[in-house]
Amino acid sequence: MTDLSLSEFYDAVEAEGRPLLTADEFARRLEESQADADEALTRLADQGLLERVDVENDPVVWYPTEWGELASRERVVVFPERREIVVDRPTQYTQARLSQFAHLVDTTGTEPGTRGYLYRIRPEDVWSAPFDGVADLILTMRGIFPRRYEGLEEWVESQWKRANRFRLDTHEDGYTVLTAATDDLMGNVAMEKLDDDAIRAPISDTEAWVNEDAIAGIKRTLYEAGYPVVDDRDLERGDPIDADLTTELREYQQSWVDSFLEKQAGVLVGPPGSGKTVAALGALAEVGGETLILVPSRELAGQWREEIARHTTVDPEHVGEYHGGQKQLRPITIATYQIAGMDRHRRLFDEREWGLIVFDEAHHVPAPVFRQSAALQSKHRLGLTATPVRESDDETDIYTLIGPPLGTDWSALFDAGFVAEPEVELRYLPWDDDMAENEWASAQGRERHVLAGSNPRKVEETRKLLADHDGKALVFVDYLDQGEAIADELDAAFVSGETPHHRRERLFESFRTGERDALVVSRVGDEGIDLPNAELAVVASGLGGSRRQGAQRAGRTMRPVGRAEVVVLATHGTREEEFARKQMRHLAEKGVRVHETVVGADEPDAGDAEAETGNNEAEAGDDEVEASSDELEASTDEAEPSDDAASE
Ligand SMILES: Nc1ncnc2c1ncn2[C@@H]1O[C@H](COP(=O)(O)OP(=O)(O)OP(=O)(O)O)[C@@H](O)[C@H]1O
């Protein structure tokens with residue numbers, strides 16, 4: 001008998017409509033001999049993929065009558081030796097809990113509801129798991145897994161211990177001490193691996209006086225050696241400021257603030273719109289010291305100023321913005337990453353004794369700023385992000401230099417309904433006509449991606465999507481010509497990097513107030529603006545952006561309002577199609593349901609939900625040049641002058 005696959009077993013089970021099969025029933029289903037069936041089932045059982053139940057002594061087998069309901073429920077399969085978990089049809093809640101101690105590796109299948117999610121547990125996933133103790137982490141695992149896996153639990157405990165083998169704290173005489181759990185760790189790990197200038201002098205077999213200015217390096221070196229450091233030092237609070245929060249925090253926001261104050265540094269991971277900014281203002285009021293807030297764009301700086309005015313008693317005179325537009329260094333200063341990364345603006349970090357540094361959209365912190373902020377290890381550091389995975393997957397930087405993730409009470413978030421589970425549909429479109437397809441086929445590299453991204457069929461598809469959808473809609477594009485063509489078709493405004501600030505603000509405001517119900521935006525709409533209550537987002541092109549942009553774009557519509565829907569358009573059979581799938585896999589980690597539709601050339605209009613769905617693997621032999629995301633990122637023909645650089 002050929003090697004039997006697990007999915008063939010599932011198929012037979014589902015065909016029988018019962019969760020339990022005898023070898024005989026199985027053999028009949030596969031039209032094989034019972035002996036072969038028996039042998040194949042035993043092989044699967046040896047791999048830990050199947051369990052066998054001996055019913056010799058009691059030939060009656062009982063199973064739930066509503067087996068179908070059971071089958072449509074999520075199914076968790078654990079492969080303990082590989083520390084992998086496969087989940088079919090996971091709920092958003094399961095995914096959010098899994099992402100606290102495992103990371104999403106892949107998703108399989110395309111049909112709605114048949115999607116398998118493969119998670120894997122790495123040491124660093126355990127180290128940064130936001131739990132107060134390993135017992136809580138183990139309990140969460142048991143709450144998700146079908147049964148206990150002692151070996152896996154032991155491994156998790158051993159990794160958890162490593163995360164608590166080194167500690168930094170402040171000696172009563174004010175200097176910083178590194179403490180190891182054993183003299184062996186101090187001798188063979190710390191003394192061996194740390195730079196000479198990091199250790200000032202040993203204090204005992206397990207303690208050493210360390211160089212306060214080398215803390216970032218100490219943390220990173222020990223992290224890379226497999227021992228993340230617990231940082232319990234007394235951090236500076238900066239010159240006092242008079243700030244109280246005037247908005248009552250929600251319970252999960254309060255627990256974020258409490259966890260931050262206890263850890264003194266950390267990253268707040270929460271879905272867009274869940275209230276991270278307001279929670280950060282709660283932390284600001286509690287730390288009560290001068291605060292530097294770093295944001296990705298000038299628009300967000302303006303919005304932070306508004307939120308500070310709306311939710312705190314801070315005197316507006318004490319709030320300043322520092323970027324291309326204005327240079328105000330005040331007790332609370334909001335600066336862009338762009339300017340913070342520039343050497344000539346180092347005074348931003350040096351001139352004031354900041355008590356708290358907030359990194360908004362922490363997955364976005366550019367390397368130069370990380371370098372500058374590495375020296376700020378003596379300050380309270382708070383990162384905010386909805387997508388903790390940086391494009392280059394070096395989330396270790398976020399957690400090493402800012403701090404570990406702060407526990408998110410996902411059940412409270414979902415119960416409170418602050419997260420609208422967005423539906424993301426990937427719609428693969430045919431070419432508008434043979435000419436467009438031939439032009440693409442004969443193009444190479446960058447030109448090829450631009451042609452796939454700006455397939456003329458997308459203009460019509462976007463029009464149909466908006467026609468079939470009431471509520472506000474945002475259309476994201478990467479290409480100026482395409483943006484203009486879609487804006488003309490929709491009779492809507494197009495906002496690009498070339499739109500003057502005041503006009504941009506006015507258009508966004510008219511969208512917020514509902515005066516406009518559609519806007520076409522280029523890159524500027526990605527992270528620059530908080531566009532609340534868009535119920536539909538159409539990503540017509542721009543999958544070339546990095547993975548985080550995919551998440552941000554979908555996040556744009558994950559506002560705490562009704563159903564949020566994202567439709568991503570990609571040209572069928574091109575690299576753009578595969579790229580779309582990769583981008584959305586990342587979103588799956590945040591509990592976003594993704595489904596795919598291939599729109600045939602003569603397919604009924606976009607609103608027809610029955611549109612054929614099929615296996616959408618990119619055409620075999622698709623000789624697309626492998627485009628890295630950066631290359632695709634560079635592929636936009638819109639040279640978006642960065643605001644600060646332009647006005648510097
Ligand atoms: N405790 C609260 N009480 C009342 N309103 C709140 C509270 N927390 C947040 N909000 C409101 O909810 C909206 C979203 O909050 P906030 O901007 O803090 O979310 P966010 O997670 O920072 O969003 P994003 O990820 O897009 O930055 C804002 O309008 C804010 O004023």
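Position 1 is the first residue of the sequence, and the numbers go up from there. Read the numbers this way: they start at 1 and go in the same order the structure lists the ligands and their atoms.
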For ligand 1, which atoms sit closer than 4.0 Å to a heavy atom of H311?
31 (O)

Looking only at side chains, do H311 and T247 share a donor and an acceptor under 3.5 Å apart?
yes

Going by distance only, is there an N or O of L249 that falls short of 3.5 Å from an N or O of ligand 1?
no

In this structure, OG1 of T94 is separated from OH of Y119 (nearest 0.5 Å) by 8.5 Å

Distance alone, cut at 3.5 Å: any donor-acceptor contact between the side chains of T499 and R504?
no

So, W256 versus F260, ring centres under 6.0 angstrom or not?
no

Residue selection (non-hydrogen contact nearest atom 27 (O) of ligand 1) among L384, T277, D360
T277

Going by atom types alone, do T140 and Q100 pair a side-chain donor with an acceptor below 3.5 Å?
no

Checking heavy-atom distances from atom 16 (P) of ligand 1 to each of G282, G275, A280, the winner is G275

Can an N or O of T247 be found at a distance shorter than 3.5 Å from an N or O of ligand 1?
no

Looking at ligand 1, is there an atom of it that comes within less than 4.0 Å of some heavy atom belonging to S274?
yes

Heavy atom of E248, distance to ligand 1 below 4.0 Å:
yes

For the atom pair CD1 (I334) and OH (Y322), what is the distance rounded to the nearest 0.5 Å?
14.5 Å

Does only the side chain of Q253 get under 4.0 Å from ligand 1, or the backbone, or both, or neither? Count heavy atoms.
side chain

Relative to atom 21 (O) of ligand 1, which among E307, Q303, E306, K276 owns the nearest non-hydrogen atom?
K276

Sub-4.0 Å atoms of ligand 1 with respect to non-hydrogen atoms of R310
29 (O), 31 (O)

Over 60° means perpendicular and under 30° means parallel, so classify the ring planes of W127 and Y223, tilted if in between.
perpendicular

